[in-house]
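Numbers here are sequence positions counted from 1.
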Amino acid sequence: MGTYIWFEFKRKINNPKTLFLIVLMLVLSFQRIGHYRLEGAKYSSYVSFESYGESIENLGSILFQRYGEGSEKDRDSFKLFMDTGEQVKIAAKEEDYREWTRLSAFAALIYAKSAAYGEGEQEKESFKSEAIEIWNEVSNGIDYDDVDFKYGDKTAYKTSSDFHLSEARYYHTLYKKGLDPIGRNHINSITFLYRYFDDIIPIAIGFIVLILIFDNVNEEWSNGSLKLVLTQPLSRKEYLASKLIVGILYSLFIVLIPALIVLIGFGIVNGFQNYNYPVLYLGEGFKTIEPLPNYLKRDVDEKGGNDFQGISIYSNIPGSNSGLSNRLVLIPLYKFILLSLLLLTFCIIFYVTLNLLISSTTKNKIIAFTISGLITLIGTVYSQKWIVGDKYNLSPFTMNNPVRILNGTYNATALTASIVLLGSALIIFLCNNLYYQKKDL
């Protein structure tokens, strides 16, 4: 069986489809790279590191005027917030990004503290226990208790303290690891790989597998070579299992080679980046089937865009204006990419078993291609409504975006996606095997 798998894999690699699909994936990749470069140039005027400091300074000024008649500590604390925004702007102008990340983390902590103090005594204590360690590392010696708010910012939404604390954790991670901040639309070897799994794979993967697998069995069936193959010491079950394994390996080859080519190109031109960059991750995604509500579409409709933290987008949570769920954590990009590859493999297994079944049961290749294509297209389009809002999603045709699943912006957790994809694949394979055992060749 191992010999047959190796022989089949080498034969597939030499197929003209291999070069065609690799070139197609490269074209899609360069198209998306161009798109993000245009978006980065378009929005650079207001999504810049300097403008972040300006927004902090302006907010500090508003809060100082609003609560300026409070205690002296209140005034000093809001003044500190405003001054920190000014220092953020200076650090950006001087391109001192390590200092910029420290100051940005500190500013986020100050505002998070003011929001928490507006929520009550319990929230104050809870916030301190979560924030004190970061505070001591980024405050440059300013004692936590010296920054106090008698009333806090009572106009802040209830989730504001959680959101700004998460923001502080993000900037603190950059500061601690010595990483430069990356804008939402910036494209380099780090952001490309993230975007590849987010923007390109979901569009292409179903139809890549379709092109690779639709004639996997029926070609040998129609030309009579299948009988010859099965005269070898290879059972029908082993034959199907071999086709499945080869299909998975071949699909992964087609998906990964273009990504590696682009990454090496980025590395040669711009230098290889640090893959410890922090990204948002639904920390309990592989432990629970309870997803976060997906309001990315609503955010775009109502606000014209989605909120983001670094290169990660996130959806708003019901009952808040701009909150970030405390179920989201930060993990290094390299871990995120490995988990994305794992989920992508599960997705490929599902599509390969589906196309293998149709190829096994339909002798005519054109009919097999048409049936597989229609099932993939209809399943994908019809299932899109289940990934938005607070609907629960169990459709395997929607679980082709590992990034969105892992960062909590799909209505399916990583555990749900794994169960659905592998469970569906197992059922399809068992049905295929049962049919094939009785099939007259």
* Structure fact -> dist Leu252:CG -> Ile208:CD1 (nearest 0.5 Å) comes out at 10.5 Å

Tabulate below the donor-acceptor pairs under 3.5 Å that side-chain atoms of residues 16-26 make, not counting sequence neighbours, or state none.
| unit_1 | atom_1 | unit_2 | atom_2 | d |
| --- | --- | --- | --- | --- |
| Lys17 | NZ | Ile211 | O | 2.8 |
| Lys17 | NZ | Asp215 | OD1 | 3.3 |
| Thr18 | OG1 | Lys12 | O | 2.9 |
| Thr18 | OG1 | Ile13 | O | 3.1 |
| Thr18 | OG1 | Asn15 | O | 3.3 |
| Thr18 | OG1 | Tyr250 | OH | 2.5 |

* With a 4.5 Å limit on heavy-atom distance, are the side chains of Ile261 and Ile257 in contact? -> yes

* With under 30° as parallel and over 60° as perpendicular, where do the rings of Trp100 and Tyr171 fit, or are they tilted in between? -> perpendicular

* Parallel, tilted or perpendicular, as decided by the 30° and 60° cut-offs, for the rings of Phe266 and Phe192 -> tilted

* To do: Give the minimum heavy-atom separation between Gly283 and Val329, together with the two atoms involved.
  => CA-CG2, 3.9 Å

* Structure fact -> Shortest non-hydrogen pair, Tyr194 vs Val279, comes out as CE1-CG1, 4.0 Å

* Asked: Quick one: do Arg169 and Glu130 make a salt bridge, cutoff under 4.0 Å?
  -> yes

* Structure fact -> Rounded to the nearest 0.5 angstrom, the CG-CZ distance for Leu80 and Phe106 is 4.5 Å

* Asked: Passes side-chain contact (heavy atoms from CB on, under 4.5 Å), Ser114 versus Phe81? Steps please.
  -> CA-CA 10 Å; Ser114 76; Phe81 181 58; over 6 Å; no

* Looking at residues at least two apart in the chain, or sitting in another chain, which of them share a salt bridge (charged side-chain N to carboxylate O under 4.0 Å, His left out) with Glu99? -> Arg102

* Look at Lys89 together with Glu86 and state whether they make a salt bridge at an N to O cut-off of under 4.0 Å. => yes

* To do: Assess Lys113 against Tyr144: is NZ or CZ under 6.0 Å from the centre of the six-membered ring, and within 45 degrees of the ring's axis?
  => yes

* Quick one: are Arg404 and Leu296 in side-chain contact, heavy atoms under 4.5 Å? -> yes

* Asked: Just by distance, do the side chain of Asp96 and the backbone of Ala92 share a donor-acceptor pair under 3.5 Å?
  -> no

* Could you tell me which non-hydrogen atom of His164 sits nearest to which non-hydrogen atom of Ala112, and how far apart they are? => CB-CB, 3.6 Å

* Checking Ser166 side chain against Asp162 main chain: does a donor-acceptor pair fall under 3.5 Å? -> no

* Asked: Does any non-hydrogen side-chain atom of Tyr170 lie less than 4.5 Å from one of Leu330?
  -> yes

* Asked: Regarding Asp198 and Asn401, is there a side-chain donor-to-acceptor distance under 3.5 Å anywhere?
  -> yes

* To do: Would you check if Val352 and Ser251 make a side-chain contact, meaning some heavy-atom pair closer than 4.5 Å?
  => yes

* When rounded to the nearest 0.5 angstrom, what is the spacing between CD1 in Ile213 and OG in Ser359? -> 8.5 Å

* Closest heavy-atom pair and its distance - Ile358, Ala368 -> CG2-O, 3.7 Å

* Asked: Near Tyr392 OH, under 6.0 Å, is it more than 12 heavy atoms from other residues, nucleotides or ligands?
  -> yes

* Structure fact -> What one should report as the nearest heavy-atom pair of Asn411 and Asn294 is OD1-N, 3.2 Å

* Asked: Under 6.0 Å between the ring centres of Phe369 and Phe214?
  -> yes

* To do: Would you please name every residue forming a side-chain contact (heavy atoms from CB on, under 4.5 Å) with Leu426, sequence neighbours left out?
  => Leu430

* To do: For Ser395, check side-chain contact (heavy atoms from CB on, under 4.5 Å) against everything at least two apart and list the hits.
  => Ser383, Trp386, Asn393, Phe397, Thr398

* Considering only heavy atoms from C-beta outward, does the side chain of Pro258 approach that of Val262 to under 4.5 Å? -> no

* To do: Using the ring of Tyr295 (Phe, Tyr or Trp, six-membered ring only), decide whether Arg298 places NZ or CZ under 6.0 Å from its centre and within 45 degrees of its axis.
  => yes

* **Approximate separation, where rounding is to 0.5 Å, of Leu354 CG and Ile371 CD1** => 11.0 Å

* To do: Determine whether Ile348 and Tyr351 make a side-chain contact, defined as any pair of heavy atoms from C-beta on separated by less than 4.5 Å.
  => no

* Asked: Has Lys391 got more than 12 heavy atoms of other residues, nucleotides or ligands less than 6.0 Å from its NZ?
  -> yes

* Structure fact -> Between Ile201 and Asn400, the two heavy atoms sitting closest are CG2-O, 3.9 Å

* Gap separating the CG atom of Leu280 from the CD atom of Gln309, nearest 0.5 angstrom -> 4.5 Å

* Any donor and acceptor pair, going by atom type alone, linking the side chain of Tyr410 with main-chain N or O of Pro291 inside 3.5 Å? -> no

* To do: Compute whether any side-chain donor of one residue and acceptor of the other, for Asn407 and Ser312, lie under 3.5 angstrom apart.
  => no

* Who passes side-chain contact (heavy atoms from CB on, under 4.5 Å) against Ser418, sequence neighbours left out? -> Phe286, Leu343, Phe346

* Can you tell if the side chain of Lys10 reaches within under 4.5 Å of the side chain of Ile5, non-hydrogen atoms only? -> no

* Asked: Is atom CD1 of Ile289 surrounded by more than 12 heavy atoms (other residues, nucleotides or ligands) closer than 6.0 Å?
  -> no

* Asked: In Å, rounded to the nearest 0.5 Å, how long is the span from OH of Tyr36 to CD1 of Ile311?
  -> 10.0 Å

* Apply the test side-chain contact (heavy atoms from CB on, under 4.5 Å) to residues Val147 and Leu109: give CA-CA distance (whole Å), side-chain angles for both, the deciding distance (0.1 Å), then the verdict. => CA-CA 11 Å; Val147 179; Leu109 280 180; over 6 Å; no

* Asked: Partners of Asn433 by side-chain contact (heavy atoms from CB on, under 4.5 Å), sequence neighbours excluded?
  -> Lys237, Leu240, Gln437

* To do: Assess the side chains of Thr101 and Ser104: does a donor N or O sit below 3.5 Å from an acceptor N or O?
  => no

